Undergrad: 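Mind looking over this structure? Questions follow.
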Amino acid sequence: MKIQFGEKGEVSWDVLVETLGAEELQEEHPHKAPTCTQRLRKQFCGGSWLTLAFVVCVVTLTQLWLFLYFLSTWDASPVTHLVFTDDQGNVRHVHFSWSNCGSQSDPVLLKQLQVNPDPVMLNSNITLTLNAFLDLTLDAPISAAVKVERKVGWWWVKIPCLDSLGSCHYKNVCDLSPILPPDPCPDPFPRFGLPCRCPITRGQYKVKGGVFSISPIVSYLPAWLVSGDYYIHGTAQKGGITLGCYNLYVSVSH
């Protein structure tokens with residue numbers, strides 16, 4: 001404490017008591033800086049708590065509305081579905097598509113793949129158009145990694161591996177074929193020149209408008225395979241060499 005004395009070195013008793021009392025009060029109750037909320041309320045809301053609460057509610061509701069609007073207009077699917085009008089004037093959605101995620105020099109080269117109807121109907125036939133080339137003869141073991149996702153709302157949800165179906169890693173895909181020698185390959189495999197088990201002979205495989213019945217396999221499908229959009233990513237390898245990598249989008253209905 002610093003007290004300025006007069007010319008004669010005297011200070012009145014009242015001044016001294018007042019000065020000492022003010023300093024003790026400041027030590028007992030130090031000055032506190034206003035909080036962020038207090039400064040905001042004083043600067044923008046005229047000091048009113050009610051006005052501040054109203055401003056916070058308006059800002060929060062505006063942000064929530066923008067977030068919901070963004071979700072309603074955003075399509076999280078990794079592929080854009082095509083829409084066209086057929087000869088009868090009906091609007092149709094094209095869901096089926098595929099892409100090569102590997103190299104054009106891979107031994108397994110898919111050049112064309114079309115499936116009708118679209119979506120694929122589980123209780124009816126499908127029409128397949130295929131053009132693929134195999135650069136070498138493949139025999140066991142052939143490993144493969146498959147990821148399957150199903151579209152739920154705006155999101156794609158990964159399907160776990162259940163009963164060897166879904167997002168699975170296969171040590172040898174040749175073991176998946178239920179048709180074992182010496183049993184012959186059933187129709188329509190020989191009709192279209194397609195293999196039904198390993199080994200798979202080197203050469204070109206073509207199917208143009210081939211009709212396949214998939215009704216017999218419906219009873220073997222797991223419960224998660226119901227109407228919806230699916231994304232499938234698969235890679236195959238043999239002896240550490242990549243055979244092929246492909247992405248597939250397909251819609252299923254029944």
Side-chain angles (χ1 to χ4, degrees), residues 95-118 120-122 124-149 159 161-222 225 230-252:
H95 300 80
F96 183 86
S97 64
W98 63 274
S99 62
N100 185 349
C101 52
S103 171
Q104 292 296 324
S105 61
D106 288 339
V108 179
L109 186 59
L110 185 60
K111 299 180 180 180
Q112 184 182 15
L113 179 61
Q114 294 178 349
V115 173
N116 285 305
D118 187 15
V120 174
M121 307 299 294
L122 292 179
S124 66
N125 297 335
I126 63 171
T127 301
L128 175 68
T129 298
L130 170 70
N131 185 2
F133 180 74
L134 184 59
D135 193 36
L136 48 81
T137 297
L138 296 178
D139 202 353
I142 302 173
S143 63
V146 179
K147 180 176 71 173
V148 180
E149 296 181 352
I159 302 297
C161 186
L162 302 173
D163 297 328
S164 297
L165 290 174
S167 302
C168 303
H169 182 272
Y170 305 98
K171 293 182 179 180
N172 184 16
V173 295
C174 295
D175 294 337
L176 299 179
S177 176
I179 307 169
L180 301 177
D183 295 338
C185 292
D187 187 76
F189 290 98
R191 179 158 41 103
F192 296 110
L194 297 177
C196 66
R197 57 176 175 252
C198 297
I200 305 175
T201 307
R202 178 183 183 272
Q204 189 166 17
Y205 295 89
K206 283 187 175 183
V207 177
K208 186 175 182 180
V211 178
F212 295 81
S213 176
I214 60 175
S215 298
I217 68 173
V218 173
S219 58
Y220 296 98
L221 296 177
L225 187 54
Y230 293 88
Y231 162 72
I232 303 171
H233 172 83
T235 60
Q237 290 187 338
K238 180 175 177 60
I241 300 175
T242 299
L243 301 177
C245 175
Y246 289 92
N247 297 316
L248 178 68
Y249 300 92
V250 60
S251 289
V252 178

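No experiment lies behind these values; they were computed from the predicted model shown. Here, residue 1 is the first one in the sequence, and each next residue gets the next number.
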Undergrad: My understanding is that only residues two or more places apart in sequence, or in another chain, count here; which of them pass side-chain hydrogen bond (donor to acceptor under 3.5 Å, both in side chains) with N100?
TA: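 By the side-chain hydrogen bond (donor to acceptor under 3.5 Å, both in side chains) rule, N100 matches no residue at all.
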Undergrad: What pair of heavy atoms forms the shortest contact from G209 to T129, and how long is it?
TA: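 That closest heavy-atom pairing would be N-OG1, 3.3 Å.
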Undergrad: Taking only residues two or more places apart in sequence or in another chain, which ones pass side chain to side chain contact (heavy atoms under 4.5 Å, CB included) with C174?
TA: A140, I142, N172, C198
Undergrad: Report the distance from atom CG of D118 to atom CD1 of I126, rounding to the nearest 0.5 Å.
TA: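 Result: 11.5 Å between the selected atoms.
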Undergrad: Between L113 and W98, which heavy-atom pair has the shortest distance, and what is it?
TA: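 Scanning both residues completely, I find the closest heavy atoms to be O-NE1, 3.2 Å.
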Undergrad: So I159 and L165, do their side chains get closer than 4.5 Å, heavy atoms only?
TA: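 In short, these two side chains do not touch, never coming nearer than 4.5 Å.
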Undergrad: Which residues satisfy the ring-ring contact (aromatic ring centres under 6.0 Å, His included) test with F189, sequence neighbours excluded?
TA: none
Undergrad: With sequence neighbours excluded, tell me which residues meet salt bridge (charged side-chain N to carboxylate O under 4.0 Å, His left out) with D187.
TA: R191
Undergrad: Show the numbers, then the answer: is there a side-chain contact (heavy atoms from CB on, under 4.5 Å) between K147 and Y231?
TA: CA-CA 8 Å; K147 180 176 71 173; Y231 162 72; 4.0 Å; yes
Undergrad: Checking K238 now: which residues fulfil salt bridge (charged side-chain N to carboxylate O under 4.0 Å, His left out) with it, not counting sequence neighbours?
TA: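 Not a single residue meets the salt bridge (charged side-chain N to carboxylate O under 4.0 Å, His left out) criterion with K238.
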Undergrad: side-chain contact (heavy atoms from CB on, under 4.5 Å) between V115 and V250: does it pass, once the steps are laid out?
TA: CA-CA 9 Å; V115 173; V250 60; over 6 Å; no
Undergrad: For the atom pair OG1 (T242) and CG (D106), what is the distance rounded to the nearest 0.5 Å?
TA: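 Spacing of OG1 (T242) from CG (D106) equals 6.5 Å.
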Undergrad: Among all residues two or more places apart in sequence or in another chain, which pass the side chain to side chain contact (heavy atoms under 4.5 Å, CB included) test with V146?
TA: V148, Y170, I232
Undergrad: Show, in sequence, the C-alpha distance, side-chain angles and deciding distance for I200 and Y205, and conclude whether the side-chain contact (heavy atoms from CB on, under 4.5 Å) test is met.
TA: CA-CA 11 Å; I200 305 175; Y205 295 89; 3.8 Å; yes
Undergrad: Only counting residues at least two apart or in another chain, list the ones meeting side chain to side chain contact (heavy atoms under 4.5 Å, CB included) with S177.
TA: I179, R197
Undergrad: Can you list everything that forms a side-chain hydrogen bond (donor to acceptor under 3.5 Å, both in side chains) with Q204? Sequence neighbours excluded, please.
TA: N131
Undergrad: Do any pairs count as a salt bridge (charged side-chain N to carboxylate O under 4.0 Å, His left out) and have a residue in residues 135-144, sequence neighbours left out, and if so which ones?
TA: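 Sorted pair list: D135-R202.
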Undergrad: Who pairs with F133 by ring-ring contact (aromatic ring centres under 6.0 Å, His included), at least two apart in sequence or on another chain?
TA: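 For F133 there are no ring-ring contact (aromatic ring centres under 6.0 Å, His included) partners, ignoring immediate neighbours.
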Undergrad: Residues two or more places apart in sequence or in another chain: which of them pass side-chain hydrogen bond (donor to acceptor under 3.5 Å, both in side chains) with S103?
TA: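 If we apply the side-chain hydrogen bond (donor to acceptor under 3.5 Å, both in side chains) test to S103, skipping adjacent residues, the hits are S105.
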Undergrad: Please find the pair of heavy atoms, one from V108 and one from L138, that lie closest to each other, and give the distance.
TA: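 Closest approach of V108 to L138, heavy atoms only: CG2-CD1, 4.2 Å.
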Undergrad: Using 0.5 Å steps for rounding, measure from the OG atom of S97 to the CG atom of L248.
TA: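 Result: 7.5 Å between the selected atoms.
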Undergrad: At their closest point, which heavy atom of Y246 faces which heavy atom of L110, and how far apart are they?
TA: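 So the minimum-distance heavy-atom pair works out to OH-N, 2.6 Å.
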Undergrad: Measure across V207 and L128 and return the closest heavy-atom pair with its distance rounded to 0.1 Å.
TA: CG1-O, 3.5 Å
Undergrad: Between S143 (side chain) and Q237 (backbone), is there a donor-acceptor pair under 3.5 Å?
TA: yes
Undergrad: Between S167 and C161, which heavy-atom pair has the shortest distance, and what is it?
TA: O-CB, 3.2 Å
